[in-house]
Enquirer: 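My questions all concern the structure below.
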Amino acid sequence: MEGTGSSSGSLSSVVADWSLVFWTLCSVILPVLITLWCSFQRSRRQVLIRDIFRKSKHDWHYTYLFGQPSYCCVCAEHILRGAFCNCCGLRVSEACLKKADQRFLCKEIMMRSNGAHHSSMPHHWIRGNVPLCSWCMICTQQCGTQPKLCDYRCVWCQCTVHDECMMDCLKTEECTFGEFRDLIIPPYYLSTINQMRKDKRTNYEKVVPYCRKHWMPVIILANTRSGNNMGETLLREFKILLNPVQVFDLSKIAPAKALQLCTLLPCNAVRVLVCGGDGTVGWVLDAIDEMKIKGQERYIPQVAILPLGTGNDLSNTLGWGAGYAGEVTVEQILQNVMEADGIKLDRWKVQVTNKGYYNLRKPKVFTMNNYFSIGPDALMALNFHAHREKTPSLFSSRIINKAVYFFYGTKDCLVQECKDLNKKVELELDGERIELPNLEGIIVLNIGYWGGGCRLWEGMGDEPYPLARHDDGLLEVVGVHGSFHCAQIQVKLANPVRLGQAHTVRLILKSSKMPMQVDGEPWAQGPCTVTITHKTHALMLYHSGEQTDDDVSSVSEQDHMREQTDEDV
């Protein structure tokens with residue numbers, strides 16, 4: 001009996017042990033299986049979504065959280081995440097994405113041709129998710145106030161109307177393209193141009209009356225990699241307000257190819273808005289120079305700037321501000337582009353010829369819009385560039401970029417790598433040799449601003465120096481004693497060493513290796529001869545709304561000087 005009892009006890013303990021093992025395995029394996037199944041379903045769902053995005057005529061973008069209360073345009077349910085179209089603004093849940101893609105049309109960049117010429121088009125209404133603070137075009141009362149899918153918005157003129165105010169006549173009424181009618185390229189214009197190209201006719205000027213009298217179409221060129229990574233948001237907002245064919249992402253298409261749209265538009269009427277830093281602006285201006293080489297001078301556009309970079313000195317000089325952080329609405333930006341005045345900007349050829357090697361090497365040739373420098377500021381730019389090449393993910397903020405510049409500037413104050421520059425360099429202004437004092441850096445300026453917002457040539461205003469202008473064919477040449485001197489100049493505690501103004505600048509580096517830069521593009525350079533001569537003019541747009549007190553006084557003095565010059569002539 002005792003043996004039987006002991007055997008039954010051991011059997012029950014074994015069963016208990018196996019039961020514990022079984023439930024332990026279930027508690028471990030079951031969550032793993034559930035996780036694997038969920039990840040499989042998620043990846044499968046993502047593949048289906050990507051397939052819809054790829055085949056769709058909408059420009060869908062998936063988001064995990066909408067920035068404002070949103071309702072699905074198919075099922076009318078409130079949604080927290082889903083997809084929205086960058087062009088027409090449709091918002092749908094993930095489950096209704098396929099139905100929405102089949103049911104709703106996106107903005108047509110070009111009307112479907114049926115053999116007839118069109119000079120107008122009806123409204124394109126989208127129901128629900130109207131912008132906040134919208135007003136009904138019929139009753140002038142606020143729209144979109146009810147917590148449901150309600151009211152309509154035209155994707156072209158941005159007019160909104162209540163559900164109860166929507167009448168049959170509005171569905172067939174001609175769209176006026178709204179506030180920015182003078183900037184939008186209408187779809188019927190492109191369809192007419194397309195038909196003319198098929199007929200091998202190139203006289204596009206006859207098509208302009210189909211649009212309007214003061215038509216100045218704008219082309220948006222945005223660099224999504226510049227500065228504080230606001231490019232993608234701006235691209236979406238511009239596509240909503242304009243024809244998507246006018247909006248280009250420079251990370252996907254080169255400026256030279258995007259600017260070919262100018263050849264399909266009226267001569268001397270196109271305006272280009274460059275969203276990026278000074279480097280992006282220079283890239284676009286180089287593409288415009290290529291248009292001149294191709295014999296397309298008639299189609300050269302005027303260029304405005306939305307500063308997204310770190311320095312933005314050219315943007316500051318032309319009145320567009322030192323940096324954009326979303327404080328101005330996209331509507332106001334387009335309004336500023338419409339109201340801006342055309343001016344000219346000098347562009348300069350910088351030729352660097354290496355010494356030795358029996359002159360077999362071809363000289364380096366750069367195009368300068370802002371400034372050329374040799375010395376501590378070029379060294380800071382070179383160190384910054386090398387650091388960004390190693391870890392580009394760290395440089396996603398304008399504040400971080402400036403902090404890195406500050407670090408390298410502080411380091412150079414202690415090391416002084418560029419000291420005794422005056423013993424290594426010879427400077428000639430219009431062929432005349434200039435005796436250099438004890439310097440660490442030389443800066444050749446084309447524009448008024450330098451170093452992220454400092455008016456270098458005018459300095460503190462304690463001496464009557466002629467104003468720096470960007471369209472007079474003259475360069476301003478100054479010297480600095482080091483990084484600490486540069487910092488003093490930027491906070492208006494010191495003046496630079498003014499060396500003179502000239503139409504041609506020649507700089508001879510006799511020995512050693514020194515850092516140089518042209519418009520923020522740095523490199524280390526051995527013994528060479530640097531020659532800076534005038535190259536061409538660029539057509540820019542000047543905005544007077546972002547001026548500081550210093551700018552206002554400078555502009556008024558420039559206007560006074562121009563008036564005196566006109567009187568003398």
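Because only heavy atoms are used, hydrogens play no part in the values below, and waters and symmetry mates are left out as well, while side chains stay in. Keep in mind it's a predicted model, so treat the numbers as computed, not measured. Each residue takes its place number in the sequence, starting with 1.
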Enquirer: Is it the case that the side chain of Thr160 and the backbone of Arg153 share a donor-acceptor pair, with hydrogens and angles ignored and the cut-off at 3.5 Å?
Expert: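 Such a contact is absent between Thr160 side chain and Arg153 backbone.
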Enquirer: Does any N or O in the side chain of Asp182 come within less than 3.5 Å of the main-chain N or O of Met216, such that one atom is a donor and the other an acceptor?
Expert: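 Between the backbone of Met216 and the side chain of Asp182 there is no qualifying donor-acceptor contact (under 3.5 Å).
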Enquirer: Are the side chains of Gln335 and Phe180 in touch, meaning some heavy atoms are under 4.5 Å apart?
Expert: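 Yes. Closest side-chain heavy atoms under 4.5 Å.
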Enquirer: Considering only residues two or more places apart or on different chains, which pairs with a residue in residues 69-89 satisfy ring-ring contact (aromatic ring centres under 6.0 Å, His included)?
Expert: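 Checked against ring-ring contact (aromatic ring centres under 6.0 Å, His included) - neighbours excluded - the pairs reaching residues 69-89 are His61-Phe84, Tyr71-His78.
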Enquirer: Taking all heavy atoms of Asn223 and all of Leu308, pick out the closest pair and write down the distance.
Expert: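 Where Asn223 meets Leu308 most closely, the heavy atoms are O-CD1, 4.3 Å.
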Enquirer: Does the pair Arg127/Asp163 count as a salt bridge with the N-to-O cut at 4.0 Å?
Expert: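 Between Asp163 and Arg127 there is a salt bridge, with a charged N closer than 4.0 Å to a carboxylate O.
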Enquirer: What are the two closest heavy atoms between Leu259 and Val284, and how far apart are they?
Expert: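 Taking Leu259 first and Val284 second, the nearest heavy atoms are CD1-O, 4.1 Å.
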Enquirer: Any side-chain donor paired with an acceptor under 3.5 Å for Trp60 and Asp101?
Expert: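 Side chains of Trp60 and Asp101: pair found under 3.5 Å.
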Enquirer: Could you check whether Lys98 pairs with Asp51 (Lys NZ or Arg NE/NH1/NH2 to Asp/Glu carboxylate O, under 4.0 Å)?
Expert: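 Answer for the salt bridge query: no.
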Enquirer: Compare every heavy atom of Met540 with every heavy atom of Leu345, then report the nearest pair and how far apart it is.
Expert: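 Looks like CB-CG, 3.6 Å.
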Enquirer: Given side-chain contact (heavy atoms from CB on, under 4.5 Å), test Ile126 with Cys73 step by step and report yes or no.
Expert: CA-CA 9 Å; Ile126 294 291; Cys73 63; 5.9 Å; no
Enquirer: Show me the pairs that pass salt bridge (charged side-chain N to carboxylate O under 4.0 Å, His left out) and involve residues 253-277, at least two apart or across chains.
Expert: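 Not a single pair qualifies under salt bridge (charged side-chain N to carboxylate O under 4.0 Å, His left out).
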Enquirer: Using side-chain contact (heavy atoms from CB on, under 4.5 Å), reason through Leu261 and Ile185 one step at a time and then give a plain yes or no.
Expert: CA-CA 11 Å; Leu261 179 60; Ile185 302 177; 4.0 Å; yes
Enquirer: Please name all residues satisfying ring-ring contact (aromatic ring centres under 6.0 Å, His included) with Phe366, sequence neighbours left out, ordered by chain then number.
Expert: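 Result, ring-ring contact (aromatic ring centres under 6.0 Å, His included) vs Phe366: Trp523.
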Enquirer: Are the side chain of Lys107 and the backbone N or O of Lys239 linked by a donor-acceptor pair below 3.5 Å?
Expert: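 Confirmed, Lys107 side chain pairs with Lys239 backbone.
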Enquirer: Any chance the side chains of Gln517 and Ser373 put a donor and an acceptor closer than 3.5 Å?
Expert: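 Looking only at side-chain atoms, Ser373 and Gln517 do form a donor-acceptor pair, the distance falling under 3.5 Å.
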Enquirer: Consider only side-chain N and O atoms of Asn370 and Asp313, and report whether a donor and an acceptor are under 3.5 Å apart.
Expert: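 There is no such pair between these side chains.
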Enquirer: Would a distance-only check, ignoring hydrogens and angles, find a side-chain to backbone donor-acceptor pair under 3.5 Å from His543 to Gly321?
Expert: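 A pair under 3.5 Å: no.
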Enquirer: Testing the basics here: between Gly178 and Cys157, what is the closest heavy-atom pair and its distance to 0.1 Å?
Expert: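 In this case the closest contact between Gly178 and Cys157 is N-CB, 3.4 Å.
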Enquirer: Looking at Phe238 and Cys275, what are the two nearest heavy atoms and their distance?
Expert: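 Smallest interatomic distance, heavy atoms only, reads CE1-SG, 4.1 Å.
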Enquirer: Are more than 12 heavy atoms, taken from residues, nucleotides or ligands other than Lys57, located less than 6.0 Å from that residue's NZ atom?
Expert: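 No, the 6.0 Å shell around NZ holds no more than 12 heavy atoms from other groups.
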Enquirer: Report yes if the side chains of Ile240 and Gln158 come closer than 4.5 Å at any heavy-atom pair, otherwise no.
Expert: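 Yes. Closest side-chain heavy atoms under 4.5 Å.
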Enquirer: Heavy-atom count check: over 12 atoms from other residues, nucleotides or ligands less than 6.0 Å from Lys535 NZ?
Expert: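 Result for NZ/Lys535: enclosed.
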